[in-house]
Amino acid sequence: MRTNDLMARLTAAAGALGDLDVSAWPEDTLKDQLGELSAALVALDTQLTRVADEVRARGLRIEEPVSA
């Protein structure tokens with residue numbers, strides 16, 4: 001897959017997470033989805049850590065964008 005396509009998918013994934021508002025979920029829904037949500041969050045954390053570590057291993061820094 002091309003780099004531009006991968007970056008577009010990564011941006012879309014971040015947007016999808018931005019749309020996720022578990023505070024609006026009913027308690028029963030959150031309890032029902034907690035196992036799946038936890039697994040997804042752990043998988044995301046694992047992959048984000050891997051990518052960040054690969055960037056840092058090349059001697060580069062990951063910087064937070066400066067707000068306007």
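Values reported hereafter were calculated over all heavy atoms of this structure, with side chains retained and with hydrogens, waters and symmetry mates removed.
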For the pair Asp53 and Arg56, find out whether any cationic side-chain nitrogen is under 4.0 Å from an anionic carboxylate oxygen.
-> yes

Value for OG1 (Thr29) from CG (Leu34), rounded to nearest 0.5 Å, stands at 12.0 Å

Between Leu10 and Val51, does a side chain to side chain contact (heavy atoms under 4.5 Å, CB included) hold up when you go through it step by step?
-> CA-CA 12 Å; Leu10 182 59; Val51 172; over 6 Å; no

For atom CD of Glu54, is the number of surrounding heavy atoms from other residues, nucleotides or ligands below 6.0 Å larger than 12?
-> yes

Between the side chain of Thr46 and the main-chain N/O of Val42, is any donor-acceptor distance below 3.5 Å?
-> yes

Hey, quick one: are Leu41 and Leu20 part of the same hydrophobic cluster, counting side-chain heavy atoms closer than 4.5 Å, chains of contacts allowed?
-> yes

